[in-house]
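Beneath this line is the structure, given in structure tokens, with notes to follow.
Any value given below was found using the heavy atoms of this structure, including those in side chains, with hydrogens, waters and symmetry copies removed. In listed order, ligands and their atoms are each counted from 1. What you are looking at is a predicted structure, and each value in this text was computed from that prediction instead of being measured.
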Amino acid sequence: MTNSARGVRPSVAALAAYRPGKSADQANAEHGIDDAIKLASNENPYPPLPAVAEAAAQATVDANRYADHRATALRQRLGKWLDINDERITVGCGSVGLLQQLCLTFVDPGDEVVFPWLSFEAYPVYTKMMSGVPVNPPLVDHAFDMSAVADAVTDDTKMVLLATPNNPTGTAISNDDISALLNRIPDNVIVLVDEAYREFSDQSLGDPVDLVAGHDNLIVSRTFSKAFGLAGLRIGYAVAHPDVVTEMDKTLLAFAVNGAAQAAALSVIEHRADYQPFIDSLLSERARLVDGLTTQGHSIPDPQANFVYLPLGEKTTEAHLSLEQQGVVTRPFPGNGIRVTVGTEAENNRFLSALTQALSVG
Ligand SMILES: *Cc1c(COP(=O)(O)O)cnc(C)c1O
């Protein structure tokens, strides 16, 4: 190591620096353009409802005080909404915060953490930060191979992480798939079902929260970041056995869930019906993107979230750069594919025509 941070834990020194999706401003500056759009971070193109923004703003009036560390009112409101006892609910600093809490709670050095790969890039980071060992059954046709996941579980496995829909490939698993896994693996293995994109997926796949009462090792996490457009406020929740909630709560950074986020989340729940038209419009835009891509001759995995995944293989890096030079910022997975967030109609049209251009050169 060349820096002067001596004594850094090897697990941290070995981590790559986190690279967030490039902003439109950065792309503009880099490529000398002025109209870049960002379809790289699965953000919602629609701002919070005015009532929700107002609730968040109102909460900053007493920002001189710490907010309720436990987010008690929100836990109770979530319990009513989901029709479960609020002892089974915890609230965290985004679902990434909840993931970090889970790793702090369960992963000791050398513990194996199983997650199919490609999947959410935070999984290897938090596993390795705890000096845990990632175990990665490969995807099959860009989707989870659930029997390979079960086969990957050994006596050393502490946790299984399943994003459904999966980021970045967009495919989803059903409650039957999750039940089958839970029935095949030992019940001391913690299973996280990460439903960050639940609101965009086929609801006939079932509701994993229904399985929590029968499986003390199952944790389901969700977020206000994506369908409800609160990515910048950092708030998510999880449903689990009350004892798991109690232990996870011990690892929550003091006051990490700020008052504006709590107020906004409460307001989202109150106005949740008003979000449906926005979700529906993103779903119909997603369908239009699938049509456009299919017409261009692409074959893509079934998208169940607010993004599409284009498996471009070796052409990924070049296509990503060309798209960016044309002002369309997407998320590349080198050697594998490009993840493109569903945006507004105009943004999606920009992407489709830029893609034709990107793939016609060379
Ligand atoms: C976006 C995303 C999250 C969400 O994160 P927040 O911390 O709630 O903003 C969690 N899991 C996956 C798989 C995601 O893609």
**Prompt:** Centres of the Tyr237 and Phe224 rings: under 6.0 Å?
**Reply:** yes
**Asked** Going by an N to O cut-off under 4.0 Å, is there a salt bridge joining Lys22 and Glu30?
**Response** yes
**Message:** With a 6.0 Å cut-off on the ring centroids, do Tyr46 and Tyr275 count as close?
**Reply:** no
**Item:** Donor + acceptor pair across side chains of Ser281, Glu285 (<3.5 Å)
**Value:** no
**Asked** So, is Tyr123 polar-close to ligand 1, with some N/O to N/O distance under 3.5 Å?
**Response** no
**Asked** Is His69 reaching over with its side chain to a backbone N or O of Ala254, donor-acceptor style, under 3.5 angstrom?
**Response** no
**Check: Phe120 N/O within less than 3.5 Å of ligand 1 N/O** = no
**Message:** Please report the interatomic distance OG1(Thr169) to CG(Asn336), rounded to the nearest 0.5 Å.
**Reply:** 9.0 Å
**Request:** Measure Ser225 to ligand 1 on non-hydrogen atoms and call it side chain, backbone, both or neither using the 4.0 Å cut-off.
**Result:** side chain
**Message:** Check contact between Phe224 and ligand 1, using heavy atoms of the residue and a distance below 4.0 angstrom.
**Reply:** no
**Request:** For ligand 1, indicate whether the residue Val96 contacts it via side chain, backbone, both or neither (heavy-atom separation under 4.0 Å).
**Result:** both
**Item:** Closest to atom 3 (C) of ligand 1 among Arg339, Arg234, Lys226 (heavy-atom distance)
**Value:** Lys226
**Asked** Numbering the atoms of ligand 1 from 1, which are under 4.0 Å from a heavy atom of Asn167?
**Response** 13 (C), 14 (C), 15 (O)
**Prompt:** Is there a heavy atom in Asn42 that sits closer than 4.0 Å to ligand 1?
**Reply:** no
**Request:** Would you mind listing which atoms of ligand 1 come within a distance below 4.0 Å of any non-hydrogen atom of Gly94?
**Result:** 6 (P), 7 (O), 8 (O)
**Complete:** The closest protein heavy-atom partner of atom 15 (O) of ligand 1 is Tyr197 OH, 2.5 Å
**Separation between CD of Glu247 and CD of Gln101, rounded to the nearest 0.5 Å** = 12.0 Å
**Prompt:** Going by the order shown, which atoms of ligand 1 are within less than 4.0 Å of some heavy atom of Thr223?
**Reply:** 6 (P), 8 (O)
**Request:** Taking only heavy atoms of Ala196 into account, list the atoms of ligand 1 that are under 4.0 Å away from them.
**Result:** 2 (C), 3 (C), 10 (C), 11 (N), 12 (C), 14 (C)
**Asked** To which protein heavy atom is atom 11 (N) of ligand 1 closest, and what is the distance rounded to 0.1 Å?
**Response** Asp194 OD2, 2.7 Å
**Request:** Nearest 0.5 Å please: distance from the CG atom of Asn44 over to the OG1 atom of Thr344.
**Result:** 11.0 Å
**Asked** What's the shortest distance from atom 5 (O) of ligand 1 to any protein heavy atom, and which residue and atom give it?
**Response** Ser95 OG, 3.4 Å
**Asked** Any side-chain donor paired with an acceptor under 3.5 Å for Arg331 and Asn42?
**Response** no
